[in-house]
Each structure stands twice: as structure tokens, then as C-alpha cells.
Amino acid sequence: SEMCIRDSFFGVQKGDVVGWTKSVYKGTVMANMGYTAEEGEKAVADGVLDAVCFGTPFISNPDFVTRVEKGVPLAKGNQATFYGRSVEGYNDYPTATTSA
């Protein structure tokens with residue numbers, strides 16, 4: 001499979017590195033970096049990608065799939081606590097059932 005990042009990631013990357021990939025690569029194409037659930041769903045539905053990966057949203061939303069399926073807003077992550085040495089920012093985010 002092929003993994004690539006999106007062209008507009010934080011407005012830093014220039015040029016489309018995703019849109020043309022499926023025209024030259026016949027394997028499974030996955031992309032990541034800043035996609036919203038809606039953008040990812042559209043990219044797959046439009047045939048631009050076969051799958052979209054979500055990394056950072058899972059840190060502050062361990063119930064990410066449930067939130068997306070039920071339309072519950074995502075919890076905003078605190079990047080200052082990501083990958084730290086304590087439970088703060090790792091497993092102290094509310095779940096969809098406690099935050100709705």
C-alpha cells in the first residue's frame with residue numbers, strides 16, 4: 001500500500017501529492033495529516049483515496065469512531081500533554097457518553 005500526506009496540510013506543503021497518486025499507483029492508497037472525518041469520507045467516496053488514517057484525533061478522542069458515527073463533537077486535544085510521562089492528556093479525556 002501507499003501512504004502519503006495531504007497537499008494542504010497546515011498550508012505548509014505545496015502541490016498535490018494525493019490527487020494524482022491513484023492514476024499511477026494501482027495499490028491501496030491511504031493518506032493522513034489533518035483530515036476531518038467529513039473530508040476523509042468524501043475523499044474515499046470520491047475515489048481519491050482507499051482509506052484515511054487518523055492519528056492525533058485518537059489521543060484526545062479514544063472513542064473517535066463512536067463520536068464520528070453519532071455526530072458527537074470531537075474533544076480538542078492539548079498538544080502540550082501529548083506523549084508525556086503522565087496520564088494527563090493521555091487517558092483523561094471524556095468519552096462521548098460523559099461529554100454529550
Side-chain angles (χ1 to χ4, degrees):
S1 67
E2 174 77 11
M3 177 68 106
C4 51
I5 64 171
R6 67 188 300 175
D7 60 328
S8 60
F9 182 56
F10 292 132
V12 175
Q13 179 136 345
K14 304 299 180 207
D16 182 5
V17 297
V18 175
W20 57 268
T21 305
K22 287 193 70 138
S23 68
V24 296
Y25 181 74
K26 301 306 175 200
T28 302
V29 178
M30 300 179 288
N32 65 351
M33 299 269 193
Y35 280 89
T36 65
E38 295 79 14
E39 290 170 329
E41 186 174 5
K42 183 174 182 348
V44 171
D46 290 351
V48 175
L49 300 169
D50 296 303
V52 175
C53 307
F54 299 93
T56 306
F58 272 102
I59 295 173
S60 53
N61 298 279
D63 57 346
F64 178 81
V65 173
T66 300
R67 287 175 179 265
V68 171
E69 286 176 342
K70 296 184 182 247
V72 176
L74 298 179
K76 184 169 172 51
N78 178 357
Q79 290 187 340
T81 62
F82 287 178
Y83 314 112
R85 298 180 186 264
S86 73
V87 297
E88 181 186 6
Y90 229 165
N91 64 3
D92 59 343
Y93 290 99
T95 61
T97 56
T98 61
S99 64

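Shown here are the side-chain contact (heavy atoms from CB on, under 4.5 Å) partners of Val52, two or more places apart in sequence or in another chain: Tyr35, Val44, Leu49, Phe54. Applying the ring pair (Phe, Tyr, Trp, His ring centres under 6.0 Å) criterion to Phe82, with sequence neighbours excluded, gives no partner residue. Listed by chain and number, the residues in a salt bridge (Lys or Arg N to Asp or Glu O under 4.0 Å) with Asp92 amount to none (sequence neighbours excluded). Partners of Thr81 according to the side-chain contact (heavy atoms from CB on, under 4.5 Å) rule, which considers only residues two or more places apart in sequence or in another chain, are Asn78, Glu88, Tyr93.
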Result block: side-chain N/O donor-acceptor pairs under 3.5 angstrom for residues 70-77, not counting sequence neighbours:
none

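Annotation: side-chain hydrogen bond (donor to acceptor under 3.5 Å, both in side chains) contacts involving residues 43-52, sequence neighbours excluded, comprise Lys22-Asp50, Lys42-Asp46.
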